[in-house]
Structure formats: C-alpha cells, structure tokens
Amino acid sequence: MADKPRWFQTTAIDYPNSRPHIGTAFEKVGADVQARYRRMEGYDVFFLMGNDENTVKVSKRAAELGLDPQAYCDDMARQFREVWDALDISYDTFVQTSGERHKQCARTFIQKVYDNGYIYKGSYEGLYCDGCEAFKTEKELENGNCPIHKRPVVRRSEPCHFFKLSAFGDRLLAFYEENPDFIQPESRKNEIVSLIKNDGLLDVNITRRGEAWGIPVPFDPEFTIWVWFDALLTYITGIGYGDDRATFDRYWPADTHFIGKDITRFHCALWPAMLWAAGEQPPRKVFGHGFVNNNGEKIGKTMGNVVDPVEIIARSNSDAYRYYFMRECPFPSDGDYSGQRYEEVYNSELANNLGNLFSREMTITYKNFGGVFAGTAGKTPEPVVPGLDLRAFVETVRGHVEGCRYNLVLQEIVQNFLTPTNQYLESNAPWKLVKTDPEAARRVLFNAVQSLRVASILLKPFIPRSAEAIYTSFNFPKPWAEVKYADAAELAPQPDDLRVTAELIDGKPKPLFPRIG
RNA sequence: GGCGGGGUAGCUCAGUGGUUAGAGCAAUCGCUUCAUAAGCGAUGGGUCGCCGGUUCAAACCCGGCCCCCGCUACCA
C-alpha cells in the first residue's frame, strides 16, 4: 500500500444555479474514465468533486425560492450527486464550499498568503448599480444602463484587498516552459502564454465588502473572500489542507485538474500563483476539455436547450450515455449531441457490434456445447484478428486513455478489434463447422471468446457495468476487481476448462444493449 | 484590430507534395441466418472553402480573399 503510486484528480467545482446538463456531465464522465483507469492500474486514486456555493447568485436564487441559502445549497448538492451517481461517477469526495471545514481551511490559506505579503489593501473602482448593489462590467451594460434596473450606473470606488498576481508572470512562463504538459491540450497553453506575454497579469481583487453569504476574511472580517479564490481552494481543502497535513501531503500536488476550456485562465495562472504565495506546490496538470453542443447549437439556459442527463439515461442506460459522449465528442475538443446521433451510435456500436457479438458467442456455445469448452484447460487461445499485435494494440489504447483521447480509444476497440472478431466468426462459421468438425468449432469459439475478455478489460473504465457483465459471464481466472490493461495484452491459458457462467434464459443471455429507436 | 485553430463524401473525421483522395456511420444492393430484423461482402457518393502562384507533380508549399470557432484588445 505504501508504495502504491497515488493519483489525485479533480473536476471543476460547479455553480449550483441549476441542475447539471449534458455539458457539465461531459467533464465528469471524462474525468471518471481516467479515475477508473488509474484505479485498475493500481493507483491510490482520490477523485474530488464539489459545488461552488459561496456566490451572491446562489444567495439570491435561494431568496427567490424563499429558502435559506444553506438549505438551497444542500438541496442542489443532493441533486447534483444524484445525477453523478446515475452516471456512475466514482468520486471519492464531494465538497460543498459552504461547509464549515472548507470555510475554516480557506481562511487558513488566505491568512497564510496575507502573512507572506502577497495581499495588500487597496480600492476597487468600477461601475456600480445602486439597484443591484453591485458592480457591473462594461459588457453587461445596455447603453450605459444597468440591464436589470434600466438606470445609469455610477463610477464608484470601495476598499478591497488585492492579490499580487502581477508578481508571478515570469515565474508562470518559466513554469510552463519547464512543464510543457502542464496545460493540455496544447492549444489552450498557447492562449495563456500569449495572454501573459502580450498583456501581462494584473493584481486581482480577491475580497468583497458587505456580503452576508460567503467566507469572512480572517484579517479583515468586514470582507468576504471572492468566489474564485474560494472555489479554487476546494482542490486542497478537500484533501486535508489546513487540518490534516499528512493526507494533504500524500495527495498534493494534483495530477490533473479537469476543467472546461473557458476557465483555463483561473487554473493555469491564478491558481499556481495562489499556491506559490502560500508556499505550496502548483498542480501537475490542467486539462481543459471541450464543450458539448446540442444539435450544433451552444447549450445555454437562455437558449432553452439544456438537456438533463437523466432523460437520456432513461432512454438507454448509464453505460450507453457514457459511451456516446466519450465516443462521439473528442474530449479535448467540442462535440455534439443529438437524439438521432445517439441512436445511431448506440445501435451501431453497442447493440449491433459489441452486444450482438456477445450474444451470438454465448448462444452458439450454449446450444452446441452446453456452455462448456471441454478440454480447453491449459490450452492457450489463438489470435483471431489477423495481423494484430495484441500487445502493441493495448499500448496504443493505453496511450489514448492516458492522453484523454477517449474517442480514439473507443474507435480503436470497435474498428480494429470487435469488427475483426465478427469477421473471424463469419469466416470460420462455427455454427456450420460444428456439424462436420465439433472440435474445430469449439476451438474457434474458444478463441473468439477471448475477444470479449480483452474488450471488456479495455472498456472497463468506459462502460463499467456492461464490461463486468461480459467478463463475469465466463470463468476467466482473474477476478474482475483485479484486472489490469496488461491482462488484455496477453492470451494466456486457463487453469480449468473455459465455460459460460452467466445466467441464460432459453439459452440466451439478457441483451446488454437492446436496440433503441 | 491582434494572435491561434479550422473549412476534405449526407454526418463525424483521418490524410502535409507523388499511382484512380481514405475510415466509420448513414444510403443502396447481394450473401448469410449462430446472433439484439443483428453479422459479412459489395456499390454509389467528394470541383479536398474561393482565386492565383511555385513544381514534372498540391488537399498538402507560397500569396490574396471568404466563412466558422477560440483567446484577447480598442472604441462605443
């Protein structure tokens, strides 16, 4: 246990303004695939998620609903977790930033940054709307008026605290240089580098005055901590920063922060600077994934086209949901969801290819051999895909998983492994062969079943339930909980005769992916 | 306005100088019938954004233009 490599990853901390949609879920599924893969490969994984609750918008929304902000946050957190659970997201902790522990640890952090001299008091000047009692950005204004109150805003300044972000520009550039993989994908890195080089970094106002909801600043309690500063801290307060140094030191620095491409700036510039200012190490990697569109249109509440993941799961199942988004939307880039495309991908790859392959192999075996491959104990299966170097194939897949190129992983498995297995069955036709040469037919099936074993192992991080159902339908020697990618790279003999262990009804397995549409 | 990415078959994309431009899905046809009306095979389908240039040869290199996306500035 002590020498187990550890893997700490996080997803973005979401605003609980409304229920999660397929775009929010895209990130969680992609991150979950990585977490499951790392666990398989023997890492001591810690997967952190959470909600960002200390915002003015949250307290306003709660007030609209006549709820206490805390009650509102707790209910939203419950709803978020319900969705994540429905998608089999295997998070280890879910942090609510309104929680007392987080607040206390966040105060410890900001105090440390203050003590180290990276926070100074100044004043913020901006455009203020008296109706909203809040500052507005120029972009929000409509002809110089507040878009809500239709009244002119006034220039106003008020005291605040600045974080000396400007002091870290050179250090950040040097850090990116020394750690070329820190920002993934590459295109996002170029944006940040050019931003810092061309425009430089300005000190940021990290406190707000007179807010009732939020975390009071320890060295100046009239102020609360700005939500971004607070939210980023979730990544460390969730693993013990501030009150459990041993756990913190075990998991920090994070191996990967999974975030949307729109917030790379905060994670790649502000966040490392904050950590340095507090005397801590920066994270190892930030992965800015792409966005999901709905029928080619950007998803947004104003667009009125948000899709609730639960609706899609209801039409199929969680594995199918995970498969679609990982297969159809390249994780580093944008992708698209449409009901029609969902059906196409589901039917073509899950039902017709993988599901049907499983089904036909099970049925032929049961009908002709009673589900037992007699005499196969100690026999090594033969390869079924002509010209495929299984070891190299698995390494290719592994490289794609580790690089979060999930769509390529699934493409590889379906096109270069499952389809050829269907072709192998077709050209050897064991259902015919059994009439003339039962031994040969049994050997063909014995070989073909190995493809299910290999595929189920490789697919385990993506479709955990179905992969388990396939694998445990046979008496493969290694327990499902212990399989690793390396097991997929080898065709090893079984200690005992291979046999079907799945429960069959009329000689048929329950379809893994019944066709839809 | 600046910087970056992109525009290839109905759809999603691969392909960075060299035989008739590829894959998957979708469509059409045939074979098969072990299997989830699934499988296998074949066929159709592209002026490779537009124009010009370099070259024996360009989707690929160069110049110009159009369009889409991202980051960012300025003006209002």
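Quick note on labels: first sequence line is chain A, next is B, and so on, each numbered from 1.
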Write down the distance separating the C1' atoms in B:C25 and B:A9, rounded off to the nearest Å. 12 Å
Tell me if the aromatic rings of A:Tyr235 and A:His267 count as close, with their centers under 6.0 Å from one another. yes
Distance below 4.0 Å between A:Gln423 side-chain N/O and B:G41 OP1 or OP2: yes
Paired to B:U28 by Watson-Crick or G-U wobble criteria (both distances under 3.5 Å) is B:A42
Of all the choices, B:C25, B:G70, B:A35, which nucleotide is nearest to the side chain of A:Glu344 once you look at every atom? B:C25
Expressed as a whole number of Å, how far does the P atom of B:A58 sit from that of B:U20? 11 Å
With a 4.0 Å cut-off, would you call A:Asp32 and A:Lys28 a salt bridge? no
Does the structure show a Watson-Crick or G-U wobble partner for B:A58, both distances under 3.5 Å? Name it, or say none. none
Euclidean distance, atom CD of residue A:Glu426 to atom P of B:G41 [Å, nearest integer]: 8 Å
Of the listed nucleotides (B:U32, B:G39, B:U72), which one gets closest to any side-chain atom of A:Asp199? B:U72
Contact class for A:Ser359 vs. all strands (heavy atom < 4.0 Å): base, sugar-phosphate, or nothing? base
Categorize A:Thr419 for me: base, sugar-phosphate, or nothing, with a 4.0 angstrom heavy-atom threshold over every strand shown. sugar-phosphate
Once you apply a heavy-atom cut-off of 4.0 Å, does A:Ser187 come out as touching a base, just sugar-phosphate, or nothing? nothing
On a whole-Å scale, what distance lies between the C1' atoms belonging to B:G24 and B:U16? 23 Å
Can you confirm if the aromatic rings of A:Tyr323 and A:Phe513 lie within a centre distance of less than 6.0 Å? no
Minimum-distance nucleotide (side-chain atoms of A:Arg515 versus B:U33, B:A38, B:U72): B:A38
Assign each of A:Lys435 and A:Val345 the nucleotide of RNA chain B bearing its closest heavy atom; nearer the 5' end lies the nucleotide of A:Val345
On the 0 to 90° scale, with breaks at 30° and 60°, tag the A:Phe462-A:Tyr406 ring pair as parallel, tilted or perpendicular. perpendicular
Just how far, in rounded Å, is C1' of B:C11 from OH of A:Tyr337? 16 Å
C1' spacing across the pair B:G45 / B:G2, given as an integer number of angstrom: 42 Å
OP1 or OP2 of B:U12 less than 4.0 angstrom from a side-chain nitrogen or oxygen of A:Arg327, does that happen here? no
Can you check whether any acceptor in the base of B:A38 is under 3.5 Å from a donor in the side chain of A:Asn352, or vice versa? no
Hey, does A:Phe513 reach any base, or is it just sugar-phosphate, or nothing, if we go heavy atoms under 4.0 Å? base
Before accepting this row, confirm whether a basic side-chain N of the pair A:Asp336/A:Arg341 lies closer than 4.0 Å to the acidic partner's carboxylate O. no
Using the C1' atom on both, measure B:A26 against B:U12 and round to a whole Å. 11 Å
Under a 3.5 Å cut-off for both contacts, is B:G1 paired Watson-Crick or G-U wobble with anything, and if yes, with which nucleotide? B:U72
Might you confirm whether atom OH of A:Tyr424 has over 12 heavy atoms from other residues, nucleotides or ligands at distances under 6.0 Å? yes
Separation of B:C13 C1' from A:Tyr406 OH (nearest whole Å): 20 Å
I'd like the C1' distance from B:U8 over to B:C67, given in whole Å. 16 Å
Whole-Å distance between B:U12 P and A:Asn293 CG? 11 Å
Watson-Crick/G-U partner (both atom distances under 3.5 Å) of B:A37: none
Which of B:C34, B:A73, B:C25 is nearest the side chain of A:Trp431? It is B:C34
Lys/Arg N to Asp/Glu carboxylate O, A:Lys285 vs A:Asp181, below 4.0 Å: no
Could you let me know what B:A21 is paired to, Watson-Crick or G-U wobble, both distances under 3.5 Å, or none if it's on its own? none
Would you mind classifying the nucleic acid contact of A:Ile192 as base, sugar-phosphate or nothing, using non-hydrogen atoms under 4.0 angstrom? nothing
Rounded to the nearest Å, what distance is computed from the CG atom of residue A:Leu504 to the C1' atom of nucleotide B:C34? 14 Å
Taking pairing as Watson-Crick or G-U wobble with both contacts under 3.5 Å, can you name the mate of B:C50, or confirm there isn't one? B:G64
When the aromatic ring centroids of A:Trp276 and A:Phe175 are compared, is their separation below 6.0 Å? yes
Taking the P atom of each, how far is B:A57 from B:G18, in whole Å? 14 Å
Look through every strand shown and name the nucleotide pairing with B:A9 as Watson-Crick or G-U wobble, where both distances are under 3.5 Å. none
To the nearest Å, how far apart are A:Arg341 CZ and B:C11 P? 12 Å
Once you round it to whole Å, what is the distance between P of B:C3 and CD of A:Glu186? 19 Å
Of A:Leu418 and A:Lys298, the one whose nearest nucleotide on RNA chain B sits closer to the 5' end is A:Leu418
Atom CG of A:Asn198 and atom C1' of B:C71: how far apart are they, to the nearest Å? 11 Å
State whether A:Lys508 places a side-chain N or O below 4.0 Å from either non-bridging phosphate oxygen (OP1 or OP2) of B:U36. yes
